[in-house]
Amino acid sequence: METTSPIDLQKERKLILKEYRNLLRGLRNNMTAAERKQIRLAFEMAVDAHKEMRRKSGEPYIIHPLRVAQIVVNEMGLGATAAICALLHDVVEDTELTLDDIKREFGIKVMKIIDGLTKVSGVFDLTSSIQAENFKKLLLTLADDVRVILIKIADRLHNMRTMDSMPRKKQLKIASETLYLYAPLAHRLGFYAIKSELEDLGMKYTESEAYKDIAKRLAETKRERSRYMNEFMKPIRERLEKDGFHFEMYGRPKSIYSIYNKIKNKGVSFDEVYDLFAIRVIIDTPFDHEKADCWRVYSTVTELYHPNPDRLRDWISSPKSNGYESLHTTVMGPKGRWVEVQIRTKRMDEIAEKGFAAHWKYKEGSNDKALDTWLREIRELLRNPEFNALEFMDDFRLNLFNKEIYVFTPKGELKIIPQGATALDFAFEIHTAVGYHCIGAKVNHRLVPLSHRLSNGDQVEIITSKKQKPNEDWLNFLVTSRARSKVKNALKEEKRAIAAEGRIILEKKLKSHKAELFDRNLQLLMEFYHQPTSLELCYRIGTKDIALKELKDFGVDQGKLIPPSKDKQKPVDLAKLEKLATSNAELLIFDNALDDIKYSLAKCCNPIVGDDVFGFITINEGIKIHKTSCPNATEMMSKYGYRIVRTRWTQHKDIAFLTGVKVTGLDDVGLVNKVTNIISGEMRLNMQSLLMDAKDGVFEGTIKVFVKNTDELDKLMNKLRTMKGVISVTRLETT
Ligand code: MN
């Protein structure tokens with residue numbers, strides 16, 4: 001916000017010192033006198049280096065590194081070294097200080113972490129190939145010193161907390177990246193509180209309406225809920241006190257993001273999400289009594305309230321691979337409502353909240369083999385010269401959120417693998433060579449095929465043959481990123497030779513067109529021929545599947561290819577569009593001034609006037625307009641940020657959009673009539689089609705109708721909702 005009064009420097013200095021003291025307070029039991037000096041030095045260096053800089057909000061820049069350091073210390077439980085690095089995390093990139101300066105003052109370790117932080121800055125910037133390289137760097141630093149990634153997550157968290165004064169386009173991009181990568185990473189590293197906050201903040205920007213709506217409803221029902229929770233907890237509290245437990249117990253609302261996902265995935269309304277909160281019981285007990293005491297609490301709770309046998313989760317006997325330990329049960333509370341109860345010790349709670357760092361702290365006492373294994377696997381994957389970062393990024397990301405199951409080797413050794421993993425995944429888990437030559441498996445002494453999905457508690461014996469080798473089919477059922485990338489790499493070996501030949505052919509042909517074989521052109525041809533990777537493109541050229549005949553239709557400008565247009569009247573001016581994306585300009589839909597820019601509405605989400613939208617530059621079809629809540633939006637924005645165009649609707653245009661509405665309700669004879677009456681009669685809308693399907697007394701109707709904007713659509717949907725017998729009314733994404 002602009003302010004006309006001069007900046008009160010005195011006041012700012014006070015604020016900065018206050019933040020600094022807050023940081024020291026968090027570290028007080030956790031630092032030596034020497035470290036205290038170093039922190040002071042880091043603080044002074046950062047203040048000096050950033051002294052001319054301000055954030056978009058107008059506050060002094062130094063507040064940012066101070067807050068990041070506080071997150072690292074207070075919310076992640078890291079120590080002095082991490083705090084020093086957090087204070088200095090932006091100086092090498094944004095100021096005149098160099099890595100040598102850092103090394104001189106703080107030594108090699110701090111220098112290396114800062115170097116890592118600087119290298120992975122802007123992981124998703126520019127083109128996708130640079131992005132992939134950056135992702136590889138990010139993983140390398142992760143495997144090198146986990147603190148780099150932890151500080152990166154803290155940096156992201158503070159940026160997300162303070163994003164209000166950013167331009168909308170940036171907010172969307174940052175929020176999407178956060179949901180795409182940072183929240184899953186935080187989850188994988190065991191920072192549950194941070195993961196939930198990142199998700200909530202991400203949703204606040206990508207789906208602001210839904211976010212505000214749920215936040216409002218949560219606030220409205222807060223009193224009623226806390227009354228209910230107290231009533232629920234009272235008898236448990238009395239019993240645990242009588243039994244002499246030292247404990248803490250409180251109710252926690254579920255995150256907005258998780259409530260929203262439940263509503264979306266299960267197609268229920270807010271009122272129908274019954275488990276809006278969980279009760280947590282944290283007991284204080286010595287390490288060797290932990291397990292027995294947690295189960296004692298469990299039996300107390302389930303004596304008072306009846307448990308749902310399907311909802312017992314015992315992560316104490318077998319902790320999750322990110323270190324999470326806890327006992328979860330869902331019981332029937334008063335008034336017939338299900339309540340989730342989480343039982344854990346103080347030690348387990350600290351691990352659950354502070355993840356990785358707390359995990360190291362308690363290293364002796366707990367099983368962190370799984371985490372070590374994970375980091376070792378990443379290192380191993382990265383060492384592979386065939387590693388394709390972009391491809392791996394997707395597999396890796398999916399794996400971050402996987403649920404886990406526990407299976408055993410014939411010798412009784414426990415292995416943690418993702419839910420849904422197959423016998424073949426397990427073979428790769430044992431050894432790459434075992435995977436390559438696997439022909440089948442025995443699960444609990446029964447012969448099964450490679451694609452057999454394993455279940456919790458299975459005992460698995462792998463059968464191999466020297467003659468076996470990886471084939472393309474395997475990728476249809478393999479689940480773990482480790483196995484998938486091993487197989488892909490093996491398959492690529494033979495492809496690679498052919499692709500190398502193809503590349504030479506391509507280079508020759510481009511030369512004869514006065515065009516060059518650089519990244520942009522390669523990208524363009526990949527999209528033109530619908531090839532997902534450059535390897536694939538060159539491979540198909542090598543096999544003569546792609547004969548490059550179309551190359552003669554391309555224009556060339558200073559070595560750059562210009563794609564031929566499918567639409568002869570209005571050729572797509574790619575250079576102009578790319579400029580639009582980088583200039584931060586705004587595209588106004590249905591504005592005459594922009595008549596020469598080709599755009600269309602995306603079919604995957606069917607935006608209509610009033611929806612929150614953005615433009616996405618495509619090679620052949622100009623700009624496509626998507627809803628920010630489009631299922632593909634997160635991926636587009638985080639992977640191809642450089643192609644996003646800020647977009648807004650111009651108002652007052654009499655254009656109608658085809659959109660779809662789904663209505664379910666109890667079957668009623670006159671219903672079709674009543675629905676058409678509302679649409680054509682009362683609201684005077686044009687209906688394109690109405691499909692009604694009734695089964696077992698429940699009908700499901702799909703209505704396709706033309707509306708002017710979201711207001712009109714909302715009005716229609718609200719009208720339909722008030723009809724007798726109607727259970728739910730939802731908008732259809734596709735028509
Ligand atoms: Mn920063």
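Atom set for the values below is all heavy atoms of this structure, side chains included, hydrogens, waters and symmetry mates excluded. Being a predicted model, the structure only gives us computed values, none of them experimental. First listed ligand is number 1; within each ligand, the first listed atom is number 1.
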Could you name all protein N, O or S atoms found under 2.8 Å from the Mn ion (ligand 1)? His64 NE2, His89 NE2, Asp90 OD2, Asp155 OD1

Just wondering, do Arg484 and Lys488 contact through their side chains at under 4.5 Å, heavy atoms? yes

Side chains of Arg156 and Asn159 only: does a donor on one sit below 3.5 Å from an acceptor on the other? no

Just grab all the salt bridge (charged side-chain N to carboxylate O under 4.0 Å, His left out) pairs involving residues 61-89, residues at least two apart or on different chains. Glu19-Arg67, Glu75-Arg161

Residues two or more places apart in sequence or in another chain: which of them pass ring pair (Phe, Tyr, Trp, His ring centres under 6.0 Å) with Phe43? Tyr20

Holding to side-chain contact (heavy atoms from CB on, under 4.5 Å), I want the full list of residues that pass it with Ala86, two or more places apart in sequence or in another chain. Val68, Ala69, Val72, Ile151

Asp612 with Arg168: basic N within carboxylate O range, under 4.0 Å: yes

